[in-house]
Amino acid sequence: MRDRLAALMRKEYRHILRDPGTLFTLLAVPLFLLVMFGYAISLDVNNIPLAVRDLDRSPESRALVASFLASGHFLPSPSPPDSRAEGRALDTGAAMAVLEIPDGFAAALARRETAPVQVLVDGSDGTRAATVMGYVDGMTMRFSTDLRRLASMRSGSPPASGPAMVLDVRPRVLFNQELKSVSFLVPGLVALILIITSVISTALSVVREKENGSMEQIIVSPVRPIELILGKTLPYAAIGLVAAALVLSASAILFGVTVKGSILALAAMTVLFVLACLALGIFISTLAETQQVAFLISAMLTLIPTFTLSGFVFPIRNMPPAIQAVTYLFPTKYYIEILRALLLKGAGFGTYWHQALALLVYAVVAAAAGAARFARSRRK
Amino acid sequence: MSRIRCMITKEFQQLRRDRRMRPILIIAPVMQILILGYAADTEVRDVPLAIYDQDSSQQSRALAQAFVSSRSFLVADRSSSFGEMEAAITGGHSEIGLVIPPSFGADLESGRGAQIQLLVDGTRSNTATVAMAYATATATSFARRLIASATTIGAAGPAVEARTRVWYNPDLKSRRFMIPGVFALLIMVFTVILTSLAIVKEKEIGTLEQLIVTPLARHELIIGKLAPFVIISLVIITLTLGASWLFFGIVPRGSLGLLYALSLALVLSTLGMGLLVSTISRNQQQAMMFSIFLFMFPMMILSGFVFPIENMPAPIRALTYLMPLRYYLIIIRGIFLKGSDLSVLWPQLLPLLGIGTAVIGISIARFHKQLD
Amino acid sequence: MASAIEVRDLCKSFGAFRAVDGISFSVPQGTVFGLLGANGAGKSTTIRMLCGLLAPSSGMARVAGCDIAKDPEGVKRSIGYMSQKFSLYEDLTVIENLRFFAGLYGLAPRRIETEAGEIMSLTGLAGREASLAAELSAGYRQRLALGCALLHSPRVLFLDEPTAGVDPAARRVFWDIIYRLADSGSTVLITTHYLDEAEYCGTVTLMHAGRIVAAGSPGQLKRERFPGRLVEVECDNPEAALAALKADPRIEEAALFGTRLHAAIAPGAGELIVEGILASRGVGLSRAESILPSLEDVFIRVISESEKEDRP
């Protein structure tokens with residue numbers, strides 16, 4: 001059995017090596033995504049174009065503007081000359097927020113009154129807008145606190161209380177202390193690579209043999225189904241694991257995303273996930289007769305859900321219950337949760353055993369379904 | 001002209017016979033907008049919160065209540081120790097922890113000022129940042145109420161207050177922003193995939209050779225191939241518009257006519273990209289790989305669909321100018337949310353048309369070479 | 001008579017590989033011209049250049065008066081082409097395929113209907129207008145493909161392996177159609193590897209490794225290559241017989257055809273020498289008779305000669 005298996009696997013490796021398109025997909029795409037995720041994209045709310053219309057032109061108003069720009073969240077965009085231009089800046093997207101400081105700002109502060117400033121926020125992207133509003137609140141509060149301290153120092157009287165002095169909020173970030181998006185995205189990326197290599201390549205390579213008739217040739221040989229399936233899938237699994245290891249080490253070296261938990265557990269869980277993926281790939285290959293259909297089915301069952309329904313980018317908890325129920329059908333969700341626990345939190349098995357169990361059940365069910373369908377197609 | 005009409009008739013006759021394709025064309029866009037519309041929600045709300053109240057005074061309960069009644073948080077756990085709270089966060093049951101120290105009530109009474117601690121799970125970095133800001137804001141407004149109610153705490157001093165007005169999407173619904181994006185994404189995916197298969201399919205079955213020996217000119221072939229897809233994409237646009245109105249109640253604020261017209265400008269460039277893929281690939285398999293990995297992935301990541309362009313470093317930001325979807329996303333979000341008209345959108349329309357013409361020009365040129 | 005096709009020193013290279021290596025020939029108007037050769041001899045590449053599908057690397061060719069390099073579109077207007085692979089739309093019906101190609105050749109709508117009707121009766125497709133092309137048998141598909149290439153009454157018709165995979169009866173029908181076309185003044189250039197079919201051609205040209213190694217009418221080729229007699233031999237040990245015949249200087253050529261041998265005898269020698277040679281080697285002869293050479297004999301001879309030349 002070992003010889004036959006080795007022969008099958010050697011053949012599969014040759015297929016892979018002679019098909020530069022596939023190799024390109026398996027290696028270049030994950031690399032491209034990693035570089036993009038690491039260097040190019042982040043979901044942080046920064047570099048918000050802010051237009052300032054300062055009607056007061058006092059040292060105080062300039063100090064307020066300076067404190068906004070010094071926060072690092074905002075980038076200055078051209079000052080609108082009038083209120084119509086403020087609206088237009090938001091319409092065209094030249095600015096996402098407009099700060100208007102009215103005439104008399106400094107005078108009100110001098111009278112120890114509360115001086116209002118107006119902030120217009122483009123609410124199109126609700127989530128970013130909410131964060132921008134939080135920044136604005138935080139900054140005006142800090143500015144007020146400084147003002148009061150300054151005023152009390154000048155007058156010698158005890159400082160008037162601001163909310164910040166009444167209640168001091170001390171946040172502490174537990175995992176991913178620097179709040180880097182890349183740490184959050186790497187687990188999803190690893191899952192994506194494994195999906196592409198294990199599910200899609202497996203399904204396509206089996207269906208390709210069906211399409212060009214070489215499957216019949218193999219079936220009439222003494223090869224047993226289990227050998228056939230292992231021989232077709234193991235090479236891709238190996239490539240997938242190598243690619244995943246590459247991405248994990250690259251993200252550790254380039255972005256400092258190191259594995260907090262046990263490496264052994266990470267390896268074990270990854271193998272479990274790959275098994276589930278291979279089983280799914282085999283199952284898909286029994287559904288499809290042409291590569292085109294196999295590709296469409298695997299895209300529908302794996303690629304798209306990995307992006308949308310696994311918590312990779314969009315939080316599952318926001319989805320309505322019906323869609324949340326759907327997310328349980330895709331293995332990626334479990335694996336991403338395990339990876340985040342292991343990579344970022346260093347959690348123990350106690351925290352993710354549900355997910356591990358779900359993966360195991362998934363692998364067994366998909367393998368059984370695939371084997372049943374495969375056996376039926378052989379008899380036909 | 002009559003040759004182009006002839007090509008178009010043939011394409012529709014073929015489409016009419018393709019029993020597997022028609023349901024895909026109708027059901028898939030509606031399904032996708034449904035699932036993505038519900039799934040692509042980046043709002044930070046109902047963040048699972050663990051509260052560890054070491055004080056149990058009237059004030060500490062009032063502070064906890066302020067968090068409970070906030071829409072942003074959902075109390076998932078009442079911890080009785082630090083260890084318990086950390087376990088809740090590590091296990092993912094809570095993403096943020098509020099620790100109220102034993103002296104909280106007393107500190108507030110005395111006017112010394114009290115401290116609270118927030119433990120934040122930074123795994124999901126963007127949610128964590130927002131949740132942290134929300135928690136701070138909730139605590140601050142609690143403190144403001146205290147100041148307002150208590151006369152003992154001292155006189156008011158100079159302060160700045162931001163009066164914030166939100167335009168276009170006042171209740172900050174994420175869906176209103178994401179659905180137009182999903183809409184754009186769907187048009188892109190369908191047009192690129194459909195056309196990328198269009199020519200390579202004829203190459204595979206050998207009919208392309210037969211077409212080339214006829215007097216059919218290159219541009220006639222390309223236009224004849226593209227025109228049916230323009231009509232199909234109009235159908236897809238109408239279906240997705242209908243679905244987002246029906247399921248999410250989201251309708252464009254601006255002109256529908258303008259939306260269709262500018263969508264055609266996007267379709268021009270995405271069809272061109274599909275054609276380019278079709279002329280450079282040898283078989284359908286390759287065409288699908290090329291269109292997904294060379295066009296769709298970069299377009300999804302570099303267009304501003306989910307990842308903000310302004311966060312990208314300059315060289316990569318330069319790349320985004322090559323993505324037709326970048327311009328179209330601004331257009332479609334402008335029309336949906338802001339009711340923008342052409343006077344605002346023309347700077348987006350011009351590059352979109354430019355890219356479309358260039359890509360179609362390149363694929364016509366490439367197509368000619370391909371025969372040699 | 002004017003030449004419908006005129007080819008001079010035509011070459012086509014793919015990288016270092018010379019698929020067509022300096023061929024020249026001309027085809028008079030109204031004749032059936034056969035281009036023969038094994039797979040990879042350069043037949044399809046030649047046809048594709050003449051149809052304007054491939055640009056020649058060097059050399060010149062005129063088809064229906066148009067230079068294929070300078071005016072490929074002019075060529076396309078006056079030719080019909082039927083490629084090796086069945087290349088019509090299987091998901092269109094017979095009449096839809098015909099209408100589509102008629103439209104591409106710019107026929108006026110009224111003419112499309114009359115032409116399509118004529119083509120249907122010429123090719124025997126009448127009554128099958130509404131069948132999908134996918135439902136037709138191989139023979140009918142070939143006739144439909146031919147019909148699509150004929151709609152615009154082309155002056156020159158290129159048929160690349162048109163009868164591959166078609167049963168003998170259907171091939172006969174197909175050739176009847178080709179003769180009718182030639183009689184009405186069309187020029188037909190056809191490639192085939194059925195050598196019995198090549199006998200129907202007015203002129204045949206044999207290609208080998210990108211070059212023309214023989215050309216002429218079938219009768220002329222046979223006379224030229226076999227000036228002496230050709231003897232067919234049946235014996236109990238064909239292999240030993242072949243070696244014996246090849247070794248004898250009076251036998252110009254000997255080749256094995258299944259279990260039989262064909263031996264070409266040098267002019268002047270009698271056919272009885274075969275019996276003598278075999279008897280001297282102890283091979284038991286069961287039959288030896290003089291036959292007329294077929295094109296197959298001609299080609300085996302020509303190709304073995306040209307290979308000898310290539311390896312001096």
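Numbered from 1 within each chain, the chains take letters A, B, ... in sequence-line order.
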*Among C:V75, C:L132, C:I79, which has the most heavy-atom pairs under 4.5 Å with chain B?*
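Most pairs with chain B among the choices: C:L132.
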
*Which atom pair, heavy atoms only, marks the closest approach of B:P215 to C:L104?*
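In terms of heavy atoms, the two residues are closest at CD-O, 3.9 Å.
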
_Looking at every heavy atom in both C:G103 and B:C6, which two are closest together, and how far apart are they?_
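Nearest pair, atom of C:G103 first, then B:C6: CA-SG, 3.5 Å.
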
*Which bit of B:T9 is near chain C, if near means a heavy-atom gap under 4.5 Å: side chain, backbone, both or neither?*
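Neither part, no heavy atoms under 4.5 Å.
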
*Relative to chain B, which segment of C:R48 carries a heavy atom at a distance below 4.5 Å: side chain, backbone, both, or neither?*
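Contact with chain B involves the side chain of C:R48 alone.
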
*Side chain / backbone / both / neither for C:F101 at chain B, heavy atoms under 4.5 Å*: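 For C:F101, the side chain is the part near chain B, not the backbone.
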
*Are C:F100 and B:M7 close enough that some pair of their side-chain heavy atoms sits under 4.5 Å apart?*
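Yes, side chains in contact.
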
*Any side-chain heavy-atom pair from C:K76 and B:L216 closer than 4.5 angstrom?*
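Side-chain contact under 4.5 Å: no.
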
*Ignoring hydrogens and geometry, is there a side-chain-to-backbone donor-acceptor pair from B:Q210 to C:Y81 under 3.5 Å?*
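Such a contact is found between B:Q210 side chain and C:Y81 backbone.
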
*asked:* Does C:R8, at its CZ atom, have more than 12 non-hydrogen atoms belonging to other residues, nucleotides or ligands within less than 6.0 Å?
replied: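 Counting other residues, nucleotides and ligands, CZ of C:R8 stays at 12 neighbours or fewer.
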
*Member of B:Q14, B:K10, B:Q13 meeting the side chain to side chain donor-acceptor pair (under 3.5 Å) criterion with C:Y89*: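 With C:Y89 as partner, B:Q14, B:K10, B:Q13 yield a single side chain to side chain donor-acceptor pair (under 3.5 Å), made by B:K10.
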
